[in-house]
Amino acid sequence: MNELLEATGIAKAYGAVVALRNANLSVRAGEIHALVGANGAGKSTLVKILTGAVRPDRGVIRIRGEVLGTHSPAEARRIGIASVYQEPALIPDLDVQSNLQLTATPSGPFRRWLSELGLEDLDLRTVARDLPLPVLRVLDLARALALDASLLVLDEMTAALPADLTERVMDVVGRQRSDTRAVVFISHRLTEISALCDRATVLRDGETVGVVDVGEGSEEAMVGLMLGGTVAEAAREGAATPTTAARAGGTPRVAVRRLRAGTKLHDVSFELHAGEVLGVVALEGQGQDELFRVLAGAQRPAGGEIRVDGTVVRFGHPSDAIRAGLVYVPADRMEALLVQRSVRENVALPFVNTPLRWGAINMRREARLVDAAITRLRIDTRAGSEVRRLSGGNQQKVTIARWIAAGVRTLLCFDPTRGIDIGTKREIYALLRELAAAGAAVLLYTSELEEIQLACDRAVVIFGGQVVAQLPAAEADEPTLLRAAYGLLANGSAAAGSASAQATAGGQP
Amino acid sequence: MSATKPAPSPSATMVRCAQDWRRRAREQTIISLLILLVALVALLDVIRPGMVSLNWISSTLLYAAPLGILAAGQTLVMLTGGIDLSVAAVATAAGYVMASQATAQGDARAVFFGLGIAAAVGLVNGIGVGVLRVQPLIMTLGMSLVVAGFLTVYQVLAVASAAAVPGFVTAVGSGTSLGFIPNSLVLWVPIAALVIWGLRRSGYGRLLYAVGDNPTAARLAGVRVWEVLVVDYVLSGLLAGIAGIDLAGLTSTATIDLGNSFLLPSIAAVVIGGTSIFGGRGGYGGSIVGALILTVLVSLLTIIDAPEPFRQVLYGAIILGVAAAYTRVVNE
C-alpha cells in the first residue's frame with residue numbers, strides 16, 4: 001500500500017497521566033482519514049506529536065517510509081505536514097496580515113483559499129482578537145492549506161463552526177484528495193466523518209483499537225470501538241428522551257421581552273419555565289452570545305426587559321444574576337476555569353463569592369458538596385490537582401459541576417457539548433433533563449441541531465437578532481431548524497422580522 | 001490538596017499514584033529550598049568555624065523578620081498577578097512617622113499613625129488597581145515616588161521633633177527573650193500563621209488565587225474582583241507598615257531611607273519561594289524560606305570579604321539560579 005504516514009507504537013505520558021499508550025496511525029496517500037475517540041483518548045496528543053509540537057516517549061513515525069528523526073514544528077513543516085489545532089493559533093494582538101508574515105504563509109494562495117472558504121471580504125488588517133471564533137478557525141484552515149502540504153491535520157476543525165461554514169469547509173477539505181496528499185480529520189460528528197472520510201482510526205484510552213472502512217454501518221462500529229463493548233449499549237440507551245415538561249401555566253422563571261444588546265441582538269422575547277429545557281438555535285453571530293451574556297449579567301442590555309419570577313431585574317454584574325438564580329456556563333471553557341487550581345477549588349468557587357463568605361471555609365461541608373457534584377457528573381479527577389491537566393470533556397463537566405454544587409435554579413448553557421465526545425455529550429443531555437425534572441429551568445444554546453430533539457422541550461430560533469420561530473421539540477427536526485436558522489421559515493410574525501434581519505446578517509448567504 | 005473522590009472507572013492505584021506525584025513535586029520545591037538554606041548555613045560554618053550558634057540564629061531571625069513580613073504582603077499581591085513596588089517606601093514612611101511622632105503623641109498613638117499611613121497608601125493602590133484598573137506596576141511605582149516625596153517634605157517640616165524610636169518598639173525589633181528567642185517572632189509568627197491559614201482555608205484566600213488565575217472566571221462566578229484587590233493592597237500596605245516599624249525597632253533609628261534597600265529582596269523572596277509572578281500559584285511558606293535564604297546569603301557575602309561589586313554579582317547570580325531551578329521543577 002502507498003503509505004504516506006505511518007506512526008507505530010506511539011506513547012506519551014505527562015507525569016503520571018498517560019495520554020498515549022500505544023497509538024498506531026497509518027494514512028495512505030489520496031485518502032481522508034478520520035481519527036476518532038472519546039475525550040481523553042489521546043487524539044490531540046497524537047496530533048501534537050505528528051506536528052512536532054510534542055516529543056513522544058516511544059514510537060516511530062515514518063513519512064513515505066522515511067523515519068522522522070527530530071521532532072520540531074519546523075521539521076514537520078519542512079517535510080510537508082500542516083495542521084490546524086483545536087484552539088485558534090493566530091496571535092490575538094496582531095492583525096491577520098502580520099500573523100501571516102510571522103508564519104511565512106504565502107499570501108496569494110492564502111487569499112485564494114480564503115475566498116474558496118467564503119471569506120473573500122475579510123479585511124486582513126483586522127486584529128485577530130476582534131474576529132469571532134469560527135472566522136479564526138477558518139483562517140487557520142486557509143493558512144494550513146496555503147502551505148500546500150502533503151499531509152493536512154485538522155483537529156476538531158468543524159467543532160465551533162455554524163452549519164453553513166461547516167459545509168464549505170467539508171467541501172474544500174473533500175477536494176484535497178489527490179494521489180500525493182492526505183488529510184487526517186478529527187471530529188466528534190460522525191455524520192461528517194461518514195460524509196467525508198475514507199477510513200477511520202479509533203483511539204480508546206491512548207491505544208488504537210481499530211481501523212474502520214467508512215461506509216454502511218460504520219458509525220455504529222466506530223461508536224462501539226470508541227466506547228468499548230459494554231459501555232456502548234448503555235450510552236445508546238442513555239440518550240435522553242424529552243419528557244413533556246410540567247408547564248402548568250404560572251409565572252415563567254425567566255421572561256425576556258424585546259431585549260436589545262450590542263450591535264447584534266435587536267428584539268428578542270421568549271419565556272423560560274421551571275421544569276423545561278429550552279433550546280436556542282442560531283447561525284453564528286445572530287445575537288445569541290449577547291443574549292446569554294446579558295442574562296448572565298456579564299453585559300448590559302441596550303433595551304427591553306427581563307423578569308425573573310415575575311419581577312423586573314437589572315443585572316449590573318454577574319453576581320446580581322447569580323443572586324436571582326441565573327447561572328452561566330460560557331462557550332469557552334477558559335472563560336470559566338481556574339486552570340492552575342484543583343477541581344475542588346474550581347467547583348467551590350461560587351461558595352466564596354461574596355465578602356460575607358470571605359472567612360473560614362467549612363471544609364467538610366465543601367468536600368461533601370463538591371464530591372457529590374463530582375460523582376453526579378462522573379468527573380475523572382485523576383489529574384484533578386490542576387484543571388489544565390484534565391481532558392476537554394472533563395473540564396467542561398467542571399464548569400457545570402460548579403453550579404450543580406451551588407444548587408441551580410436557572411442554568412444558562414452556551415454550547416456545552418462543543419468538541420466533546422459522544423459519551424460525555426449524552427451524559428450532559430441526561431443531566432440537563434434531570435435538572436429540569438427536578439424543577440430547574442435550562443436555557444441551552446447549541447450549534448449541533450440534533451441536540452434540540454435529544455435534550456430540549458422547545459426551541460427558539462434566532463436570526464438577525466430576532467426570534468424567527470418557536471417550536472416544540474417534536475417539530476424541531478434538523479431540516480426545519482436549519483431553514484428557520486437561515487430565516488427561511490415563513491411563520492406569521494417572524495416573516496417581517498426576517499426580512500429586515502436579512503440586511504443585518506451581513507456575510508451570510 | 002484535592003480531597004476529591006476518584007471517578008468509579010479508573011483504578012484507585014492510578015489515582016493515588018497521580019496525587020502522590022503531584023504532592024511530592026510540590027513538597028520537593030520547599031524541601032529543596034530548605035536544603036539550600038541548610039547548605040548556605042553549613043558553608044558559613046565552614047568559612048568561619050564556630051560562627052553558627054544559637055546567638056547567630058537568633059540575630060539572623062531578627063534580621064529576617066522585616067523582610068519576611070514585607071514578603072507576606074508581596075506574596076498576597078503577587079498571587080493575584082500584581083506587584084507592590086511601594087512596600088519599601090511604605091515601610092520607611094511608617095517607621096519614620098512613628099519615630100518622629102513618638103515624643104509628641106505617645107508611643108501607642110505614634111505606632112497607630114504609622115500603620116494608618118501604611119493602610120492609606122495601600123487603599124490608594126487598591127483603588128487604583130482594582131477600581132481604576134491601572135497596571136499594578138505603574139500604580140505602586142507611582143505611589144512609592146509620591147510617598148517618598150511626601151516623606152522628604154515631612155522631614156523638613158517636622159525637623160523640630162527629633163526621631164526617637166519608642167522603647168517597646170526597639171525591644172520587639174531587636175531584643176531577645178530567654179537569652180536567644182528573638183522578640184520579633186511575636187509579630188512574625190502570628191502573621192505567618194494567619195497568612196498561611198488564610199490562603200488555604202479562608203474564602204478570601206481562595207479568591208486571591210482565583211483572581212490571579214483567571215479574573216474573568218472569578219467575575220462570571222459572581223466575584224466582584226475590585227473588592228478582592230482593594231483589600232489585598234490594603235493588607236500589603238499594612239504588612240509593609242508593620243515591617244517598617246519592626247525595622248525601626250531593629251536599627252533603633254528611623255531615617256527617610258530606612259527600608260529602601262528592601263524592595264527588591266521582598267520580591268526576590270517571594271519568587272524564590274515559588275509564587276508565580278503571573279498569579280494563581282504559590283504560597284507564603286516558600287516566601288518565608290526565601291526571606292531566610294536571602295538573609296543568610298547577605299551575611300555569607302559579608303564575611304567572605306570580597307569586593308562589593310563581586311558580592312553583588314554573586315547575590316544576583318544565586319537568585320537567578322534558584323529561580324531557574326524552581327521553574328524546572330514545577331514544569332516537570
Side-chain angles (χ1 to χ4, degrees), chain A residues 14-18 296-298 317-323 327-330 334-361 363 366-367 370-371 374-375 377-386 389 394 399 402-403 406, chain B residues 1-26 79 81 197-198 200-228 230-231 276 278-282 330-332:
Chain A
Y14 296 98
V17 182
V18 178
H317 187 274
S319 62
D320 300 332
I322 292 167
R323 207 169 312 123
V327 300
Y328 174 47
V329 176
M334 292 309 139
E335 259 186 28
L337 291 174
L338 313 173
V339 293
Q340 304 173 79
R341 309 306 303 169
S342 66
V343 170
R344 174 168 175 169
E345 278 183 48
N346 269 278
V347 173
L349 183 56
F351 295 169
V352 295
N353 64 6
T354 82
L356 296 175
R357 303 186 201 149
W358 281 4
I361 295 170
M363 298 302 268
E366 182 187 279
V370 170
D371 284 350
I374 285 172
T375 313
L377 270 76
R378 294 207 273 154
I379 298 173
D380 178 353
T381 56
R382 268 178 299 172
S385 64
E386 276 184 302
R389 289 168 197 276
N394 273 306
T399 64
R402 171 181 294 169
W403 300 120
Chain B
M1 274 290 100
S2 150
T4 51
K5 276 207 186 97
S9 50
S11 74
T13 41
M14 277 286 295
V15 178
R16 229 172 296 130
C17 219
Q19 285 178 348
D20 270 3
W21 182 84
R22 289 296 308 162
R23 202 180 51 232
R24 223 174 298 141
R26 206 165 288 175
L79 282 176
W197 175 86
R200 287 195 189 164
R201 295 291 179 95
S202 79
Y204 184 70
R206 285 282 177 81
L207 292 185
L208 288 180
Y209 288 104
V211 167
D213 189 299
N214 188 347
T216 309
R219 178 167 184 266
L220 286 180
V223 179
R224 289 178 195 268
V225 173
W226 68 268
E227 295 174 342
V228 178
V230 169
V231 173
S276 160
F278 302 110
R281 208 164 53 183
V330 165
N331 298 337
E332 293 152 16

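We use all heavy atoms of the structure for the numbers below, so side chains are in, but hydrogens, waters and symmetry mates are not. Below, chain A is the first sequence line, B the second, and so on; all start at residue 1.
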Give me the atom names and distance for the closest heavy-atom approach of W358(A) to S202(B). O-CB, 3.6 Å
Atom OG1 of T216(B) and atom CE of M334(A): how far apart are they, to the nearest 0.5 Å? 12.5 Å
Count the heavy-atom pairs under 4.5 Å between each of G222(B), P215(B), G205(B) and chain A, then report the option with the highest count. G222(B)
Measure A298(A) against the heavy atoms of chain B and call it side chain, backbone, both or neither at under 4.5 Å. both
Closest approach of E227(B) to P355(A) (non-hydrogen atoms, all atoms of both residues): OE1-CG, 3.2 Å
Euclidean distance, R200(B) CZ relative to I361(A) CD1, rounded to 0.5 Å: 12.5 Å
Below 4.5 Å from any heavy atom of chain B, which atoms of A321(A) appear? Answer side chain, backbone, both or neither. neither
Can a donor-acceptor pair be found, under 3.5 Å and without considering hydrogens, that links the side chain of R219(B) to the backbone of P318(A)? no
Does any backbone or side-chain atom of L338(A) lie under 4.5 Å from a heavy atom of chain B? Answer side chain, backbone, both or neither. both
Under 4.5 Å, counting heavy-atom pairs only, tell me which of A210(B), G198(B), G212(B) racks up the most with chain A. A210(B)
Side-chain heavy atoms of L349(A) within contact of L207(B), under 4.5 Å: yes
Can you tell me how far apart CG (N353(A)) and CZ (R206(B)) are? Round to the nearest 0.5 Å. 13.0 Å
Does any heavy atom of chain A fall under 4.5 Å from the side chain of V231(B), the backbone, both, or neither of them? side chain
Exam field: side chain Q340(A) to backbone G279(B), donor-acceptor pair closer than 3.5 Å: yes
